[in-house]
Amino acid sequence: MHDTTAMLIELGAIILALGLLGRLAGRVGFSPIPLYLLAGLAFGHGGILPLQASEEFVATGAEIGVILLLLLLGLEYSASELVTNLKTQYPSGVVDFVLNAVPGAVAALILGWGPVAAVALAGVTWISSSGVIAKVLGDLGRLGNRETPVVLGVLVIEDLAMAVYLPILTALLAGVSLAGGTVTLLISLGTVGAVLYVALRHGRLISRAVSSDNSEMLLLVVLGLTLLVAGLAQELQVSAAVGAFLVGIALSGEVAEGASSLLTPLRDLFAAVFFVFFGLSTDPADIPPVLVPALLLAVVTALTKVATGWYAARRAGIQGGGRWRAGGTLVARGEFSIVIAGLAVGVEPRIGPLATAYVLILVVVGPLTTRFTEPLARRLTRRATSKAPGPARVEAEPTAESEHANA
């Protein structure tokens with residue numbers, strides 16, 4: 001069969017399967033992300049029927065999916081809101097780092113992998129998946145919830161921290177000199193700072209230049225600008241996802257609204273491809289040997305992420321169930337964790353399967369904790385209250401719907 005013909009057949013089958021899985025998930029009121037991942041495992045390397053002709057196209061589509069997820073997330077907020085979040089949320093960022101990076105580093109040292117692998121595994125357990133979380137928040141209709149800016153503030157700090165962390169990790173893995181690592185780090189910080197400055201000072205000019213009454217022209221310009229900035233950011237050792245997010249921040253007003261409505265269908269398509277590709281790139285046979293340590297690490301860091309979100313929401317004055325929703329939302333790991341593990345396998349090959357199993361567990365569990373952490377916490381609170389001695393009764397926690405209505 002001709003390569004192009006085989007690719008078209010495989011792509012058609014993938015997209016049709018995604019549509020059917022998404023419809024199934026919608027009928028049961030569940031996020032489709034875990035189903036997309038399981039489909040990828042079934043048809044990836046070592047799966048039931050491995051795909052070959054469309055693998056390169058799907059890999060490119062996955063990259064575009066992450067970029068569009070972060071672009072649409074950035075369009076929700078202005079540059080001034082970003083700076084405000086950074087100023088108010090940096091203590092939560094410190095707590096996030098301590099609670100979630102330390103378990104990964106300790107696990108690597110216990111396994112005898114050495115200090116460089118410890119730095120790598122710390123990053124794997126530290127960084128939540130902005131792509132997964134953005135998709136889940138949209139699926140559950142929580143973008144307008146009071147705790148959502150808190151969650152996004154933590155994610156933004158994590159994503160920007162990658163501009164510092166990734167160059168350091170790359171230098172450690174390559175064994176380069178201190179001077180070489182310092183130059184790479186300065187380039188990364190300078191890039192992020194320059195983009196933030198332009199977004200803050202000249203965001204309106206950028207929006208005016210991009211603006212168009214023709215939807216086709218607006219779509220082409222915004223998409224082209226985003227991919228260009230994302231590629232340049234990647235070349236300068238800054239995450240492409242961070243570059244796309246900053247483009248979204250730079251656009252505001254009617255341009256942001258118009259671009260969001262035009263790009264949402266594209267985001268949904270390529271985001272689904274991203275989650276499938278994540279499963280396609282994993283060999284199921286590599287997972288069982290590392291499942292127990294990955295599961296233990298997943299349990300510990302899921303709890304620490306819940307604690308992180310609860311703390312951050314409490315600092316922001318969010319009441320009741322919003323704190324638990326914030327914590328449950330942050331549990332998922334994904335794209336950054338896989339990137340970090342991919343960099344580290346040259347030094348410690350065993351980190352690849354462990355990180356893959358770990359991320360697969362939490363990328364499946366993450367949408368579940370996002371949805372059920374707050375109801376579970378409320379139920380446990382009511383049970384504890386009913387068993388408490390004395391006539392005093394504690395008022396029940398507000399539901400997600402009531403807090404959203406009061407936002």
Salt bridge (Lys or Arg N to Asp or Glu O under 4.0 Å) pairs touching residues 344-357, sequence neighbours excluded, are Glu348-Arg350

For the pair Asn145 (side chain) and Thr148 (backbone), establish whether a donor and an acceptor sit closer than 3.5 Å, ignoring hydrogens and angles.
no

Please report the closest heavy-atom contact between Val124 and Ser337, naming both atoms and the distance.
O-OG, 2.8 Å

Should Leu121 and Ile351 be marked as a side-chain contact (heavy atoms from CB on, under 4.5 Å) after you check the CA-CA gap, both sets of side-chain angles, and the distance that decides it?
CA-CA 7 Å; Leu121 195 56; Ile351 199 173; 4.1 Å; yes

When you measure from the side chain of Tyr36 to the backbone of Leu21, do you find a donor-acceptor pair of N or O atoms at a distance under 3.5 Å?
no

Heavy-atom side-chain contact between Leu155 and Ser128 under 4.5 Å:
yes

Considering residues, nucleotides and ligands other than Asp213, do more than 12 of their heavy atoms fall under 6.0 Å from its CG?
no

A quick test of your reading: do over 12 heavy atoms of other residues, nucleotides or ligands sit less than 6.0 Å from CZ of Arg315?
yes

Can you list every side-chain hydrogen bond (donor to acceptor under 3.5 Å, both in side chains) pair that touches residues 258-271, not counting sequence neighbours?
none

State whether the side chain of Arg142 and the backbone N or O of Thr370 hold a donor-acceptor pair below 3.5 Å, judged by distance alone.
yes

Output yes when Lys305 and Glu158 qualify as a salt bridge under the 4.0 Å nitrogen-oxygen rule, no when they do not.
yes

Are side-chain N/O atoms of Ser92 and Gln89 paired as donor and acceptor at under 3.5 Å?
yes

Counting only N and O atoms by type, is there a donor-acceptor contact under 3.5 Å from the side chain of Thr308 to the main-chain atoms of Thr304?
yes

pair Leu68-Leu266: side-chain heavy atoms closer than 4.5 Å:
yes

Return yes if some donor-acceptor pair links the side-chain N/O of Ser129 with the main-chain N/O of Val132 below 3.5 Å, else return no.
yes

Spatial distance of atom CG (Asn100) from atom CH2 (Trp126) [nearest 0.5 Å]
10.0 Å

Under the criterion side-chain contact (heavy atoms from CB on, under 4.5 Å), I'd like the reasoning laid out for Glu147 against Arg323: C-alpha separation, chi angles, the key distance, then a yes or no.
CA-CA 7 Å; Glu147 74 276 2; Arg323 300 177 184 177; over 6 Å; no

Is there a side-chain contact between Arg208 and Ser211 in this structure, where contact means two heavy atoms from C-beta onward sitting under 4.5 Å apart?
no

